[in-house]
Protein chains: 2
Amino acid sequence: MNKQTEILNYINKKLNSEGHAPSVREIATAVNLKSTSSVQYHLDNLVKKGHLSKKANLSRSISNNKKITNFKTIPVIGEISAGTPLLAEENKVGEIPILEEKYSKDLFALKVNGDSMIEAGIHDGDIVVIDKNIEPKNGDIGAFMINDTEATIKYLDSISGKKYLIPANKNYKNYEINENTQPVGKVVSLFRDI
Amino acid sequence: MNKQTEILNYINKKLNSEGHAPSVREIATAVNLKSTSSVQYHLDNLVKKGHLSKKANLSRSISNNKKITNFKTIPVIGEISAGTPLLAEENKVGEIPILEEKYSKDLFALKVNGDSMIEAGIHDGDIVVIDKNIEPKNGDIGAFMINDTEATIKYLDSISGKKYLIPANKNYKNYEINENTQPVGKVVSLFRDI
DNA sequence: CATAATTTAGAACATATGTTCGAAAAAAAA
DNA sequence: TTTTTTTTCGAACATATGTTCTAAATTATG
């Protein structure tokens, strides 16, 4: 490996592991160069080639030029235990990445339990992303809390004036919405490990 | 906002925008403190509380303690044009995030075209992640190239000794594997926007 | 109000660090 | 080989930067 890429790799490694850039002298030691000016020589080239950025006369100001795609994570909620608020830490079973541009504070994810929505292509164990900021409308798939103890994913629709939670599975019955049914948000996307 | 969180926010902002930590004096200026020792005072507290890490006597060595969930992206491939290599840039229609721990070089994603796998819960427009390093076995859902011009997602299975690509849709027929059929990889996960 | 705890200030110090320059060494080209 | 280009070295320099200490100012507490 040539010295230049060796230096670049070392810098990237350190940026990642230490959270800050190495000094010129640290680089020199790491890549077996006796003189700091040798390192400068390569740093100049790496900057010219656009691989790195650095600021003049500034300690440890080297940074990586590569475009960073930014993500945020949203919590994945598993079983809801009675009484525990939906997003309580104890319900959390994981995190999933969301592109920053799609991210909003009102997103969270729910691990699907059961096959009541299988005809909508939502399987047991799938993770659905829910936007609390969007109230599910007729025809939408939404997340609903029933009696504050159970979260369920169902179609929402009206049948002869009454509102129902409608499963996508012939083996399950419609559930008429009552005062114990609270809409949580709209299902906006889905993840599955196969 | 109190001084401590003001400092913490400034540091995080700078780490993000500049790629390296600010100096103590830069912090002082930014949060309107006249003395560097005032900043030190708060830095010490932030370190004690576990919000930051820093190394003694080291310039710009402040780093953020929060666990960084690392992601990588894999390319999403759209329509395959005849002759063009599968992963060619011109076939790319986007990127999706993958947790670093799940990431491998051999992952890519394919936008599903059509509803031939709808009974397996894979819909038109879904994005499936394919691991090129795993050769699909009987019973697996795999990605296959047909005649180097078309990528398709199907079940793989044997029927009376012959290997078939089997759709999950009664309206489609099984396709017997021949010399023009190349396995690309196994489908390992799925994304859907609803 | 008096007292204690917290926060800020100022100055001085030690040094880690980037930079520069000329020359030597090594590698590549002619 | 000779010439040119690339790479490395060593030393010296200027300064950006973290640190410490004491005292003052501010805020909280009784």
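No hydrogens, no waters, no symmetry mates; every other heavy atom, side chains included, goes into these values. We name chains A, B, ... by the order of the sequence lines, and we start the count at 1 in each one.
Positionally, the nearest nucleotide of DNA chain C for B:Arg25 lies more toward the 5' end than for the other of A:Pro22 and B:Arg25.
Rotation axes derived from the C1' atoms of the five outermost pairs at either end of the helix from C:dC1-D:dG30 to C:dA30-D:dT1 lie 40° apart, to the nearest 10°.
A heavy-atom distance below 4.5 Å is found between the side chains of B:Leu58 and A:His20. A:His51 places none of its side-chain heavy atoms less than 4.5 Å from the side chain of A:Asn45. At a threshold of 4.5 Å between non-hydrogen side-chain atoms, the residues A:Glu176 and A:Ile159 do not count as touching. Between A:Asp140 and A:Leu156, every side-chain heavy-atom pair lies at or beyond the 4.5 Å cut-off. A:Leu107 is listed as a side-chain neighbour of A:Val188, based on a closest heavy-atom distance under 4.5 Å. When side chains are defined from C-beta on, B:Asp157 does not count as touching B:Asn174, because their heavy atoms never get closer than 4.5 Å.
With sequence neighbours excluded, no residue forms a side-chain hydrogen bond (donor to acceptor under 3.5 Å, both in side chains) with B:Lys13. The ring-ring contact (aromatic ring centres under 6.0 Å, His included) test applied to A:Tyr155 returns no partner, not counting sequence neighbours.
With values rounded to the nearest 0.5 angstrom, B:Tyr41 atom OH is found 11.0 Å from B:Leu46 atom CG.
Note that the first and last nucleotides of DNA chain D, 5' to 3', having any atom under 4.0 angstrom from a heavy atom of chain A are D:dT6 to D:dT17.
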Which pairs would a plain distance check flag for residues 114-126 of chain B, meaning a side-chain donor or acceptor within less than 3.5 Å of a matching protein atom at least two apart in sequence or in another chain?
unit_1: B:Asp115; atom_1: OD1; unit_2: B:Tyr172; atom_2: OH; d: 2.9
unit_1: B:Ser116; atom_1: OG; unit_2: B:Lys154; atom_2: NZ; d: 3.2
unit_1: B:Glu119; atom_1: OE2; unit_2: B:Lys170; atom_2: N; d: 3.3
unit_1: B:Asp124; atom_1: OD1; unit_2: B:Gly114; atom_2: N; d: 2.6
unit_1: B:Asp126; atom_1: OD1; unit_2: B:Arg192; atom_2: NE; d: 2.9
unit_1: B:Asp126; atom_1: OD2; unit_2: B:His123; atom_2: N; d: 2.7
unit_1: B:Asp126; atom_1: OD2; unit_2: B:Arg192; atom_2: NE; d: 3.1
unit_1: B:Asp126; atom_1: OD2; unit_2: B:Arg192; atom_2: NH2; d: 3.0

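Across all strands shown, A:Thr36 has heavy atoms under 4.0 Å from base atoms, whether or not it also approaches the sugar-phosphate.
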Which protein N or O atoms sit under 3.5 Å from an N or O of nucleotides 4-8 of chain C?
unit_1: C:dT7; atom_1: OP2; unit_2: B:Tyr41; atom_2: OH; d: 2.4
unit_1: C:dT8; atom_1: OP2; unit_2: B:His42; atom_2: NE2; d: 2.2

